[in-house]
Every structure is written in C-alpha cells, then in structure tokens.
Protein chains: 2
Amino acid sequence: MAERLIRIGEVARGAGVSVRAVRYYEQQGLLIAERSPSGQRLYRQDAVDRIRFFQQMFAAGLTSRRITELLPCWDSGHTDANQRAMLRAERDRVQAKVNDLQAALDRLDEVIAITDTHL
Amino acid sequence: MAERLIRIGEVARGAGVSVRAVRYYEQQGLLIAERSPSGQRLYRQDAVDRIRFFQQMFAAGLTSRRITELLPCWDSGHTDANQRAMLRAERDRVQAKVNDLQAALDRLDEVIAITDTHL
DNA sequence: CTAAAACCTGACGTTGACGTCAGAGGCAAG
DNA sequence: CTTGCCTCTGACGTCAACGTCAGGTTTTAG
C-alpha cells in the first residue's frame, strides 16, 4: 500500500513540538515536505522520528545549520573528511559540556546536602 | 594588612570573562563592587571565584535571576523552604539535561563509529 | 451548507548573556 | 604634559529557536 501521509499538525503532536517549529525546520532545510494540491505540507511517518532527533541534537547544542551539514552522515552513512572532523568536534564539545554539567550538579548536590543538615 | 582591592580588568582576566560581563553581573545583582572616589569599581580577590561559580551555573542553565535567589544559600548556608524547592528543581533539571546530553553523545559516537568503519 | 478547526504565508516580537560603539573621564610612565 | 591604556555610563546590536499576530484559504464535522 502507498505510504500514508500526515499533515503538519499530526507531525507536531507526534513529536511534541509546535507547528511553528516544524515550519521552521523546513525553512532551515532540515525537513523537506511534499505539498498537497492546495499547498498543505504532507509528511511521511518517519518525519516524527527525524524531529525527535533534531530536538536531541538541539539539546546537545548543535545549531540547525550544523545539523543540515551533518544530516547526510545519517541518511547515507557516508562522510567526507570535513564531516568527520565536524562530528568529532561536536562530540568533544558535547562531552565537555557533560563534564561541566556534572560538576555543576555536584555543587548543587553539595549545597542541598548541607542545607538539609540544618533541618 | 588591609585587603588588596583589584579593578575590573584584572577581575575579568582572572575569571576569563569580558569586562562587559562583569558589569552585567553587577547590573543583575550578582556581584556588588565598592567604588573608588572617582567611581571605578573595586573588587576583593574572591570576586574571581564568584564569577567562575556564576559561569558554572550559567553553563548548567540557571538564569542570573535564579542565581541571585539562591546566592544566600551559598553565602549563609541557610535556606528556607522555597529555596530548598528551587534547589531541588534546578538539580533535577540539570540531571535531566545531563541524561539528554549523554544520549545525544551516544548517537554522535554511534555515527562516528559507523563512518569510521568505511575508511 | 455552515461553522469550527487546521492550514497557509509573511513578518515582527521574545529571551539571556553578553558584544560593540560613542563620548567622556581617570591614571601611571616617560 | 602628553601619550596611551583603563574605566565609566548609556544604549543599541546579536544570535537561535521559535512565539505570536494578521489576514486569508482549506479541510472536516455535523
């Protein structure tokens, strides 16, 4: 059977983002949609997963520009030297951020422990 | 001996931030400075450590407003119920962020491993 | 058939932590 | 004394990922 296409509202609800966000992703070249004869955007089911993936990368601090540059790595599984360098750079950056956050978390836990002592 | 006071440039260099940033912290109520007769800001040595601490909290996603609300917890070691709730909320938020970042990191490592296979 | 709900394209507004520029004063060295 | 760096107070600019509003079309439910 032909693939069932869904409209933007369903995609947004499915991925837990706003309709505006989905349009924004298209504007940034992250997510291309087909169009119905009347001009409405039509998506395949996997658009939901792609958006969830975008959210994950956004949370990791990657910009939409960087994601567009790295999308072929996921879609084709192949990379050039430049993309590999970017991947490693982002990986290292995220790793450093995890370390920073963990340190901050420790300081928060520290003061929580101290103040709880005074109960 | 009386405490040696330093000017804003030295503070900024010591903490690795811009002079503008230090002024901004004062504007947000994070860091109060004495003033010289001519109006220049004068800081104690520990201002550098305080700024490093601010940077750590900023990196963890706390706003300057939230930090001002929680500063007494560090300065006095005492908290009220409201502050304890905020501390735990921030701790949980940071913990969740660490988890998200770790998941993103895993996905990056995943694609790096795959693309390295194709060398 | 009609009204509500969903969709469309601009386009301006928001938030936080600063960057940057303008114009003016302050401070140690030579 | 003047050169040059540091500091001051506004105040507007920046960036990213959307939020929000306006004004109009389309789809759907009854």
Side-chain angles (χ1 to χ4, degrees), chain A residues 4-43 47 50-71 90 93-94 97 100-101 104, chain B residues 4-43 47 50-71 90 93-94 97 100-101 104:
Chain A
R4 192 177 91 83
L5 297 177
I6 57 186
R7 293 190 303 172
I8 195 170
E10 191 171 348
V11 172
R13 274 192 307 277
V17 302
S18 68
V19 169
R20 174 67 173 93
V22 180
R23 294 203 191 98
Y24 173 75
Y25 301 152
E26 176 171 328
Q27 189 182 341
Q28 300 301 306
L30 286 173
L31 191 60
I32 303 108
E34 292 180 47
R35 295 301 184 118
S36 76
S38 67
Q40 299 201 348
R41 293 174 178 82
L42 296 176
Y43 299 88
R50 286 178 75 88
I51 291 176
R52 287 218 172 90
F53 174 69
F54 298 156
Q55 292 290 114
Q56 194 172 27
M57 293 300 112
F58 285 144
L62 279 81
T63 65
S64 55
R65 174 153 195 68
R66 186 67 79 198
I67 298 176
T68 58
E69 292 167 339
L70 293 177
L71 261 185
E90 295 296 342
R93 202 183 46 69
V94 176
K97 201 165 181 175
D100 287 351
L101 284 193
Chain B
R4 194 176 91 83
L5 297 178
I6 56 185
R7 293 191 300 173
I8 195 170
E10 191 172 348
V11 172
R13 275 192 307 277
V17 302
S18 68
V19 168
R20 174 70 174 91
V22 180
R23 293 203 192 99
Y24 173 74
Y25 301 152
E26 177 171 326
Q27 189 182 341
Q28 300 302 307
L30 286 174
L31 191 60
I32 302 107
E34 292 180 47
R35 294 303 182 115
S36 78
S38 67
Q40 298 199 348
R41 292 174 179 82
L42 296 176
Y43 299 87
R50 285 178 76 91
I51 290 176
R52 287 218 172 90
F53 174 69
F54 297 155
Q55 292 290 113
Q56 195 172 28
M57 293 300 112
F58 284 144
L62 279 79
T63 66
S64 54
R65 174 153 196 66
R66 187 66 80 196
I67 298 175
T68 57
E69 291 167 340
L70 293 177
L71 260 186
E90 295 296 341
R93 202 183 44 71
V94 176
K97 201 165 181 176
D100 288 351
L101 284 192

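In what follows, chains carry the letters A, B, and so on, assigned in the order in which the sequence lines appear, proteins first and then strands, with residues in each chain numbered from 1. Just so it is clear, the structure is predicted and the values come from calculations on it, not from any experiment.
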Excluding sequence neighbours, so at least two apart, what forms side-chain hydrogen bond (donor to acceptor under 3.5 Å, both in side chains) with B/Y25? B/Q55

Take the protein atom CD of B/E26 and the nucleotide atom C1' of D/dT7, then report the distance between them rounded to whole Å. 13 Å

Under the salt bridge (Lys or Arg N to Asp or Glu O under 4.0 Å) definition, can you give me all pairs with a residue in residues 30-40 of chain A, not counting sequence neighbours? A/E26-A/R35

At less than 4.0 Å, is any side-chain N or O atom of B/R41 found next to OP1 or OP2 of D/dT7? Yes or no. no

By side-chain hydrogen bond (donor to acceptor under 3.5 Å, both in side chains), which residues pair with A/R66, not counting sequence neighbours? A/E69, A/E90

B/R52 (side chain) donor-acceptor with B/G14 (main chain) under 3.5 angstrom: yes

For B/T68, give me all partners under side-chain contact (heavy atoms from CB on, under 4.5 Å), at least two apart in sequence or on another chain. B/L30

Calculate the interatomic distance between A/I51 atom CD1 and D/dC18 atom C1'; express it in whole Å. 13 Å

Need to verify one output field. Residue with the more 5' nearest nucleotide on DNA chain D, B/R13 or B/R35? B/R13

Counting primed atoms plus P, OP1 and OP2 as sugar-phosphate and everything else as base, spell out the protein contacts along nucleotides 17-27 of chain C at 4.0 Å heavy-atom distance: B, S or - for each nucleotide, 5' to 3'. BBBB-----SS

Pairs meeting criterion salt bridge (Lys or Arg N to Asp or Glu O under 4.0 Å) with involvement of residues 6-24 of chain B, two or more places apart: B/R4-B/E10

Nearest-angstrom distance from the residue atom CD1 of A/I8 to C1' of C/dC8: 10 Å

In whole angstroms, how far is the P atom of C/dA6 from the CZ atom of A/R23? 13 Å

Interatomic distance where CG belongs to A/L5 and C1' belongs to D/dT27 [whole Å]: 16 Å

Interatomic distance, A/F54 CZ vs D/dC18 P [rounded to whole Å]: 11 Å

